[in-house]
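As a basis for the values below, the full set of heavy atoms in this structure was taken, side chains included, without hydrogen atoms, waters or symmetry mates.
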Amino acid sequence: MASDEYLHALESADARAALQSLRSSWPAVLTLRPTSIGLRTPFEHGLDFVRAVQRLSDAGLIAYEALVIGPDGPRFVDAVLTARGRALVPTWLSTDDGVRQLAG
């Protein structure tokens, strides 16, 4: 993966917040919603949220089972960091419990 694709995927605060949530919960999967990453108005920022998460997926950093768009806004079902995502996510992106993946 080209480094500019990786950096492009991390440009938005929404993408960084989604990565933080996924890293904190890894290895469990999550349903990502705009409100789960701190957006208070999912209807106004729903498209930005979808773009941010899709860029992460396009860059190979995350995977998800389905994108569902309903009356409560968009959600990515069973989202998880990929092996590439765990390896490439910057070290400044810490987890709540202090556990870090060590590269071998």
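Minimum interatomic distance between Phe49 and Arg33 (heavy atoms only, all atoms of both residues): CZ-C, 3.6 Å. The two residues Ser36 and Thr31 come nearest to each other via the heavy atoms OG-O, 4.1 Å. The two residues Pro74 and Pro34 make their nearest non-hydrogen contact at O-CD, 3.2 Å.
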Legend entry - Steps toward side chain to side chain contact (heavy atoms under 4.5 Å, CB included) verdict (Gln54, Tyr64): CA-CA 10 Å; Gln54 188 58 49; Tyr64 58 89; 2.6 Å; yes
Inset, instruction - Go through the steps for Leu22 and Leu32 under the test side chain to side chain contact (heavy atoms under 4.5 Å, CB included), then give the verdict. - result: CA-CA 9 Å; Leu22 291 172; Leu32 286 177; 4.0 Å; yes
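One N or O on the side chain of Ser21 and one on the backbone of Ala17 form a donor-acceptor pair closer than 3.5 Å.
The CZ atom of Arg16 lies 10.5 Å from the CG atom of Leu56; values are rounded to the nearest 0.5 Å.
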Pair up each side-chain donor or acceptor in residues 76-83 with any protein partner under 3.5 Å, not counting sequence neighbours, and list the distances.
unit_1 : atom_1 : unit_2 : atom_2 : d
Thr82  : OG1    : Gly60  : O      : 2.6
Thr82  : OG1    : Leu61  : O      : 3.2
Thr82  : OG1    : Arg84  : N      : 3.4
Thr82  : OG1    : Gly85  : N      : 3.0

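In this view, Glu65 satisfies the side chain to side chain donor-acceptor pair (under 3.5 Å) rule with no residue, not counting sequence neighbours.
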